[in-house]
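Worksheet for the structure shown next.
Every chain is numbered from 1 and lettered A, B, ... according to where its sequence line falls, protein lines coming before strand lines.
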Amino acid sequence: MSIAKTYLPKEAEEKWYNYWLENNFFRSVPDDREPYTIVMPPPNVTGVLHMGHMLNNTIQDVLIRRARMKGKNACWVPGTDHASIATEAKVVAMLKEKGISKKDLSRAEFLDYAWEWKEKYGGIILDQLKKLGASCDWERTRFTMDDDLSDAVIDTFIHLYKKGWIYRGIRMVNWDPQGKTAVSDEEVIRKEVNQKLYYIKYFIVGSSEFLTIATTRPETIMADAAICINPNDERYTHLHGKKVFIPLINREIPVILDEYVEMDFGTGCLKVTPAHDLNDYELGQKHNLPVIDILNDDGTLNTKAQILVGEDRFAARKKIAAMLEEAGGLEKVEEYKSQVGFSERTNAVIEPKLSMQWFCKMEEMAKPALDYVLAGDIKLIPEKFINTYRHWMENVKDWCISRQLWWGQQIPAWYLPDGRYIIAKTIDEALEQAQQLTQNSRLTTQELVQDEDVVDTWFSSWLWPISVFDGFKDPENADISYYYPTNDLVTAPEILFFWVARMIMAGHEFKGKIPFENVYLTGIVRDKLGRKMSKSLGNSPDPLDLIEKYGADGVRVGMLLSSPAGNDLMFDESHCEQGRNFYNKVWNAFRLVKGWEVDDKLDNPNQIAIDWFESRFNQAMIEIEDNFVQYRLSEALMATYKLVWDDFCAWYLEMIKPVYLQPIDRDTYNKTIAFFENILKILHPFMPFITEELWHDELFGGRNGLDCCIVAQLPANGEINSRILADVENVKQIITQVRNIRNSKQLSPKEALQLSIKSNSGIDYLAYKTILTRLANLSELTLVDNKLAGASSFLVSTDECYVPLNETIDPIAESERLQKEKEYLTGFLKSVNAKLGNERFMANAKPEIIEAEQKKKADAEAKLRIIDEGLLGLAN
RNA sequence: GGGAGCAUAGCUCAGCUGGUUCAGAGCAUCUGCCUUACAAGCAGAGGGUCACAGGUUCGAACCCUGUUGCUCCCACCA
């Protein structure tokens, strides 16, 4: 039977994922063990797996799997977010294709379609995560619009309302004319855009004079309520108290005075349009100006505009400009760069719009949430985000939580015929309260109208760490008591405010506790050119294609290889290739060991190699653990990678590998299998599939049933023999040097060489004879007391090594080589001596540093002596 | 406009409270090898005035100041 040279992951991936599922390895229920919990940032139901998800969920899975293998009760809760705007937009588009308009549907009918859509497409992204190997407890899968979770949303709304933290008011909000809803400040993305600055003439009433204002939005002139100038602006004192005509529609508006206007910006005259600009609104409030809203919800002009009614705002802009031009009302047009807000969800240009919305007060909730982070109760990784977080929390603004949509939790406000409203969970409760309020017991539910709006999606996801464990329905239930607070949250810095900050607030407000201990903020996945990977740019590879090509293990390794926390990840497919090469290396190490035959009669000649690797492994375990503690996952992986590839494959296996077709002794064999098993364990969190596949191979005892790698326990810390580690370093150097001689003399690797060592360090190289002979391909190894003339020589620490060759050594060249080395050592020694002779150094440096310097000095002096002897020998 | 961060080999990044380890890793590169585990491999090698300019220090990639370039976050200048 022969085993393929390359490992093909596909079959194993499906087999083992199903096996894990069938045997409930992902399942977590409270027990005596210590819990380790992660709640997955719920991806949007509309989402398709992208590289950001891949990175995020790979990290979470590595953490979860490692915790599981450390004996913790690991629970990873998956789920999806209903994403009201995005989903509603998708459903509207889907209906449009069917020839159905949202307007023609009742709310209930629309929601039926939406749920149908969700059932059909909403699970796709979670299924994709399974391909990656995500070991979530799928039985705990939640959706932010599950009945329980929606109940929690309504309950918290009522709770906060009762506290006086939720209120209703007319405010200037960010209006998304495409989604036809308000969005929160955080959902507005500002981008610099090239615009035109139009200079428009406003004629003064009763005069042929005019003033000029500069605006980027000429289509809003019909909504102007005043022109504002700075009272100190001497250019315009003659305009005080005057009125001007709005061009084209000739409506009279006053000239008002306010120091808000910058004299040296533009023309120093500002058109005040309270309905369409936040500052203008405030200015309007101050000066009692009327609010003239000339826009419909979809961004077209309404009848109040008087002209261009029904035209889209951007079409109207061009037309107004043309009309002004024609009427001679346009002085000039300049190119101008300015910030424009775009909707995060629909990418439409945000329109400031005055409307009645629900708000949630933030100030009091922000305070404790900030304190948790500043006090270190919650750690942000990397720490640099603490500053950003603080800045936001200290300047937090009230949260506009209502959305003019149907997909989501409907606001539990019930309006009475007289316009007053009741906040209640059900219509019956509302009726009861309404009857009391109005003293009218004949009031019926027919007369109550529920608020049409739904709450912001984040108003449900901020409850996620609590609501997934039913912490609202049943605050003391076994799950929430056991799993909450969760341990790690892995998410993108982009949603630090949207989500992370608000979860902390909710955790404090509703549980009196932090929701998680550590927040690992991943970077943004970018392409090689540094551009953010996005669907619209088309620069993002399809993760499923990558898995198909490199295997899930390969992609996981690829994602992790260069992704330090908080730093952006320049994604390069070659990393996945490296991941694939890596598991193939493991596969081939397996093939090697698998091919060995054991002879029980043989003695073990490899004890020293075994002792060395054991120490090396234990050393690496500490290093890896340390990296995990610091959330340096890519470094933990790299340490593992080097341990497996370099130490285990390139050194250890080569040291003990029997000659072709020769059997191996029982002891070495068993120890090697044990090492390999440990390697499978530490690799498992990174590469779950191949490790599980090998774990069950006959080589490792043909395990079956519940004995799986996924639940194997990581090896305990073992002893580290630093002496052997140091000695082997010398041995390895000698091997490399001999190979180097062979290489530089262009000798065949097959040609065995003689090696003589004069061991000044006291290392007994004969103990390493097997290793040296095999790896350096020696015909003979001897220890000598004297220098060997006429041989190629090199120094490893203070040990002199001689390789006699069938050629005469050129004494001049050799002398030059030694001279060069001597020069370096002398210089080095000089600097060390300078330090040791420096009073200030001796006074200020730490003792261990001084000690290290003294050791360096001794080493360098010893080497110098040896070189001098060599030079002397050559001279004779 | 305010704030934060980054700048180290061709690329992606380490470099912990300043101490020579003539600055490290992985990948890529170059040379030689199809050596019976692996060419998705093996062996070996080369490669950096640590962005620039000053300063502090016995000593600076690391601390301070300035300059340049880049990134991100926040902000209502028409």
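A close approach under 4.0 Å does occur between a side-chain nitrogen or oxygen of A/Arg739 and OP1 or OP2 of B/G44. The shortest distance between the side-chain N/O atoms of A/Ser574 and the OP1/OP2 oxygens of B/C11 is not below 4.0 Å. Taking side-chain N and O atoms only, A/Asn740 has a distance below 4.0 Å to OP1 or OP2 of B/A45. Of the side-chain N and O atoms in A/Lys271, none sit less than 4.0 angstrom from OP1 or OP2 of B/A78. The side chain of A/Trp645 contributes an N or O atom lying less than 4.0 Å from OP1 or OP2 of B/C42. For A/Arg632 and B/G15, the shortest distance from a side-chain N or O to OP1 or OP2 is below 4.0 Å. Residue A/Lys657 has a polar side-chain atom (N or O) positioned under 4.0 Å from OP1 or OP2 of B/A37. Within the 4.0 Å cut-off from OP1 or OP2 of B/C73, not a single side-chain nitrogen or oxygen of A/Tyr389 is found. A close approach under 4.0 Å does not occur between any side-chain nitrogen or oxygen of A/Tyr281 and OP1 or OP2 of B/C76.
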Could you summarise the pairing of RNA chain B as dot-bracket text, marking Watson-Crick and G-U pairs under 3.5 Å with ( ) or [ ] inside the strand and | across strands? (((((((..((((.....[....)))).(((((.......))))).....(((((..]....))))))))))))....
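For A/Arg502 and A/Trp399, the positive end sits near the middle of the six-membered ring, less than 6.0 Å away and at most 45° from its axis.
With B/C38, B/A45, B/G26 as the choices, the nucleotide that has an atom nearest any side-chain atom of A/Asn584 turns out to be B/C38. Comparing B/A43, B/C22, B/G19 by their closest approach to the side chain of A/Ala650 singles out B/A43. Out of B/A78, B/A40, B/A75, the shortest distance to the side chain of A/Gln339 is found at B/A75. Here B/U36 is the nucleotide among B/U36, B/A78, B/A37 with the atom lying nearest to any side-chain atom of A/Tyr660. Side-chain atoms of A/Asn581 lie closest to B/A40 of the nucleotides B/C38, B/A40, B/C76.
Under a 4.0 Å N-O distance rule, the pair A/Arg217/A/Glu351 qualifies as a salt bridge.
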Yes or no on salt bridge (charged side-chain N to carboxylate O under 4.0 Å, His left out) for A/Lys835 and A/Glu853, after CA distance, side-chain angles and deciding distance? CA-CA 8 Å; A/Lys835 242 182 281 187; A/Glu853 292 297 319; 3.4 Å; yes
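For the residue pair A/Ser748 / A/Lys750, no side-chain donor-acceptor distance below 3.5 Å is found, with atom types taken as modelled. There is a side-chain donor-acceptor pair under 3.5 Å between A/Thr220 and A/Lys271.
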Identify all pairs in which a protein N or O lies below 3.5 Å from an N or O of nucleotides 30-32 of chain B, and state each distance.
none

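Closest-nucleotide positions on RNA chain B for A/Trp392 and A/Phe841 were compared, and the one nearer the 5' end corresponds to A/Phe841.
Among the heavy atoms of the strands, none lies under 4.0 Å from A/Phe582. A/Cys649 comes within 4.0 angstrom of a nucleotide base, judged by non-hydrogen atoms across all strands.
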Summary of protein contacts for nucleotides 3-9 of chain B, nucleotide by nucleotide, where a base hit scores B, a sugar-phosphate-only hit scores S (4.0 Å, heavy atoms): -SS----
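Judged by distance alone with a 3.5 Å cut-off, a donor-acceptor contact links the side chain of A/Lys585 to the base of B/C38. Interface remark: the A/Glu654 side chain does form a donor-acceptor pair with the B/A37 base, using a distance-only criterion of under 3.5 Å.
The gap from the P atom of B/G5 to that of B/G44 amounts to 43 Å, rounded to the nearest Å. Rounded to whole Å, the P atom of B/C74 lies 33 Å from the corresponding atom of B/C52.
Note on ring orientation: taking the six-membered ring where Trp is involved, the planes of A/Phe648 and A/Tyr652 are parallel (angle under 30°, cut-offs 30° and 60°). Relative orientation of the A/Phe582 and A/Tyr641 rings is tilted, given thresholds of 30° and 60° on the angle between their planes.
When the C1' atom of B/C16 is taken as reference, atom OH of A/Tyr631 falls 18 Å away, rounded to whole Å.
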